[in-house]
There are 2 protein chains.
Amino acid sequence: MLTQSEENYLKAIYSLSEDQKEAISTNLLAEKMSTKPSSVTDMVKKLSVKKLISYQKYQGCELTVVGKKRAIQIIRKHRLWEVFLVNNLNFGWDEVHEIAEQLEHIHSSKLTDHLEEYLGFPKVDPHGDPIPNKNGVFEKINKSIALSDVDTAVKGIVVGVEDGSSGFFQFLKRYEIGLGTEIKVVEKFNFDLSVLVLIDGKEISFSSVVANKIFIQIK
Amino acid sequence: MLTQSEENYLKAIYSLSEDQKEAISTNLLAEKMSTKPSSVTDMVKKLSVKKLISYQKYQGCELTVVGKKRAIQIIRKHRLWEVFLVNNLNFGWDEVHEIAEQLEHIHSSKLTDHLEEYLGFPKVDPHGDPIPNKNGVFEKINKSIALSDVDTAVKGIVVGVEDGSSGFFQFLKRYEIGLGTEIKVVEKFNFDLSVLVLIDGKEISFSSVVANKIFIQIK
DNA sequence: ATTATTTTTTAGGCATGTCTAAAAATAGTG
DNA sequence: CACTATTTTTAGACATGCCTAAAAAATAAT
């Protein structure tokens with residue numbers, strides 16, 4: 001049985017591994033976990049002993065097959081709970097992350113499976129992220145792209161945002177941006193990497209921070 | 001913010017306080033928590049500093065008003081989740097205790113309140129125990145009585161069982177005893193405190209252990 | 001190729017929550 | 001009342017998960 005901390009590390013390593021195929025460095029993981037590199041070293045040693053990651057001193061770490069499966073199961077739980085909170089308990093999609101962070105650590109695969117069935121086997125969570133099935137299989141073909149990477153004059157609809165601070169969700173609410181919102185990139189400014197977009201007829205300038213966090217699907 | 005361990009201690013002290021009005025002794029609490037008296041001493045000191053219990057060396061402990069409120073909120077969460085698991089996720093009433101033990105520690109009063117509303121403000125959990133409302137108020141007038149305390153020739157229906165081992169639930173299942181089952185006490189034996197009962201036309205003998213755990217409502 | 005810089009690890013400490021063994025306080029008994 | 005038995009507390013230890021500071025390894029730069 002894994003501790004919550006161990007589970008959170010697995011999740012973080014999984015998440016970082018989606019962006020790069022090389023091993024995850026200690027510093028990067030420390031940043032992701034909001035902790036110190038020395039703490040990370042301690043933990044990766046422990047996870048390595050448990051065969052959940054492969055780790056060589058000074059060489060970073062990678063999930064093993066077993067570790068990856070575990071990580072996906074945690075993500076599965078997280079996303080299913082988010083669906084429940086939004087669809088059934090009337091939470092806003094911007095309030096569910098923290099609660100799901102807690103719920104994802106409940107140990108009972110029967111609970112997860114019953115919940116999934118109760119929710120009608122949803123394929124995506126309220127942020128547009130795909131939900132793995134019981135066997136850890138899920139559609140990775142989410143061809144969404146960050147606003148910062150979209151070419152000028154291209155438009156698409158919001159299919160996801162990066163999990164972030166509640167401040168970010170406030171921001172989205174303020175501009176009435178949600179799943180399905182149509183956004184067109186009008187102009188991109190290289191000097192500060194900001195992006196000028198068109199939403200519902202209004203021009204808005206997004207800083208690079210924001211542009212990196214909003215994902216749209218083109219066409 | 002309380003740790004899970006602190007919350008479990010509060011719950012245990014609350015539970016023991018229902019059976020006796022004197023202070024809860026260290027040994028009794030240790031037994032309830034399946035831990036050692038020395039560990040209990042450490043914890044009660046901590047809870048005492050936090051003003052959740054009153055504690056004098058060698059004199060046992062008692063919940064303060066604040067501590068009692070906290071305990072009731074945890075019980076509220078536990079029971080609401082049990083209702084959810086049984087009514088919505090199709091769990092048997094004998095499988096939900098352990099999972100609810102985990103879910104009761106999720107920190108979000110908004111979640112609890114939304115869940116309560118979603119469930120339609122249930123008044124009792126699947127074991128027949130009353131569910132405190134948002135303000136910690138609940139009907140204590142559960143006039144149920146343990147089978148061991150029922151007089152001969154009296155009959156009633158099962159309204160609750162004491163949370164116990166899964167072995168006990170297996171036992172109940174085996175004899176097809178659940179909420180609503182009618183039980184009549186035929187004879188009581190003082191030499192071993194066993195009870196002979198009539199269920200669905202069949203005579204069954206219950207040991208005192210079992211008779212202490214099954215609660216029926218008379219009339 | 002030899003420094004300088006950055007990354008990573010080690011060493012030692014701290015808080016939580018548990019344990020065992022021993023000491024202290026309380027309760028029970030002749 | 002004194003002696004024994006029980007209960008409770010203290011003292012010291014251990015695992016987890018984190019920290020800081022310093023050492024070691026790897027990487028970059030001159």
Side-chain angles (χ1 to χ4, degrees), chain A residues 1-14 16-17 19-63 67 70-71 74 101-102 104-105 107, chain B residues 1-14 16-17 19-63 67 70-71 74 101-102 104-105 107:
Chain A
M1 188 89 98
L2 300 177
T3 65
Q4 294 201 181
S5 194
E6 288 170 330
E7 291 194 341
N8 286 333
Y9 271 92
L10 289 183
K11 219 174 38 143
I13 297 167
Y14 179 87
L16 293 170
S17 299
D19 302 333
Q20 60 174 72
K21 63 182 234 304
E22 309 90 57
I24 305 302
S25 75
T26 301
N27 267 7
L28 187 61
L29 187 48
E31 170 123 9
K32 181 89 177 179
M33 293 294 299
S34 302
T35 186
K36 304 292 169 187
S38 55
S39 305
V40 170
T41 301
D42 288 345
M43 182 57 92
V44 294
K45 278 180 183 171
K46 195 157 59 121
L47 292 173
S48 179
V49 170
K50 294 191 177 183
K51 308 277 188 202
L52 295 167
I53 63 175
S54 56
Y55 162 70
Q56 304 271 61
K57 270 188 190 179
Y58 298 100
Q59 303 307 131
C61 65
E62 273 177 301
L63 291 172
R70 291 300 201 94
I74 300 161
E101 285 286 305
Q102 299 179 61
E104 73 188 6
H105 299 297
H107 292 294
Chain B
M1 190 89 97
L2 299 178
T3 65
Q4 293 202 180
S5 195
E6 288 170 331
E7 291 193 340
N8 286 332
Y9 271 93
L10 288 183
K11 218 174 38 143
I13 297 167
Y14 180 87
L16 292 170
S17 299
D19 303 333
Q20 61 174 70
K21 63 182 231 307
E22 310 88 56
I24 304 304
S25 77
T26 302
N27 266 8
L28 188 62
L29 187 48
E31 170 122 6
K32 181 88 177 180
M33 292 295 299
S34 303
T35 185
K36 304 291 169 188
S38 55
S39 305
V40 170
T41 301
D42 288 345
M43 182 56 92
V44 294
K45 278 181 184 171
K46 195 157 58 121
L47 292 173
S48 179
V49 169
K50 293 191 178 185
K51 308 275 190 205
L52 294 167
I53 62 176
S54 55
Y55 162 69
Q56 303 273 60
K57 271 190 189 178
Y58 297 100
Q59 303 306 131
C61 66
E62 274 178 299
L63 291 173
R70 290 299 200 96
I74 300 161
E101 285 286 306
Q102 298 179 61
E104 73 188 6
H105 299 296
H107 293 293

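All values below come from the heavy atoms of this structure, side chains included, with hydrogens, waters and symmetry mates left out. Letters A, B, ... are given to chains in the order of the sequence lines, protein chains preceding strands, and every chain is numbered from 1.
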Point to revise | side-chain hydrogen bond (donor to acceptor under 3.5 Å, both in side chains): pairs with one or both residues in residues 51-63 of chain B, sequence neighbours excluded | key: none
**Study point:** With Lys45(A) via side chain to side chain donor-acceptor pair (under 3.5 Å) - residues at least two apart
**Key:** none
**Study point:** Candidates dT16(D), dT10(D), dC18(D) - which lies nearest the side chain of Thr3(A)
**Key:** dT16(D)
Revision key, fill the gap. Applying salt bridge (Lys or Arg N to Asp or Glu O under 4.0 Å) to Glu7(A) and not counting sequence neighbours gives none
Whole angstrom is fine here: how far is it from [atom1] in [X] over to [atom2] in [N]?
| X | N | atom1 | atom2 | answer |
| --- | --- | --- | --- | --- |
| Gln56(B) | dT7(D) | CD | C1' | 17 Å |
| Asp42(A) | dG13(C) | CG | C1' | 12 Å |
| Met1(B) | dA15(C) | CE | C1' | 17 Å |
| Ile24(A) | dT7(C) | CD1 | C1' | 15 Å |
| Gln59(A) | dA25(D) | CD | C1' | 10 Å |
| Lys50(B) | dT16(C) | NZ | C1' | 10 Å |

Taking OP1 and OP2 of [N], is either one under 4.0 Å from a side-chain nitrogen or oxygen of [X]?
| X | N | result |
| --- | --- | --- |
| Lys45(B) | dT10(D) | yes |
| Lys57(A) | dA24(D) | no |
| Tyr9(A) | dT16(D) | no |

Point to revise | Residue met sooner reading DNA chain D from 5', once Tyr58(A) and Glu6(A) are mapped to nucleotides | key: Glu6(A)
Review point. Hey, what do you get for CZ (Arg70(A)) to CG (Leu63(A)), rounding to the nearest 0.5 Å?
Key: 12.0 Å
Review point. Would you call Lys50(A) and Glu6(A) a salt bridge, using N to O less than 4.0 angstrom?
Key: yes
Review point. Do Glu104(A) and Lys11(A) meet the salt-bridge criterion of a basic N to acidic O distance under 4.0 Å?
Key: yes
**Study point:** Close residues, residues 25-39 of chain B, relative to DNA chain D [heavy-atom separation under 4.0 Å]
**Key:** Ser25(B), Thr26(B), Asn27(B), Pro37(B), Ser38(B)
Let me have the donor-acceptor pairs involving side chains of residues 22-43 of chain B, under 3.5 Å, with sequence neighbours excluded, atom names and distances please.
residue	atom	partner	partner atom	Å
Ser25(B)	OG	Leu28(B)	N	3.2
Lys32(B)	NZ	Ser15(B)	OG	2.9
Thr41(B)	OG1	Pro37(B)	O	3.1

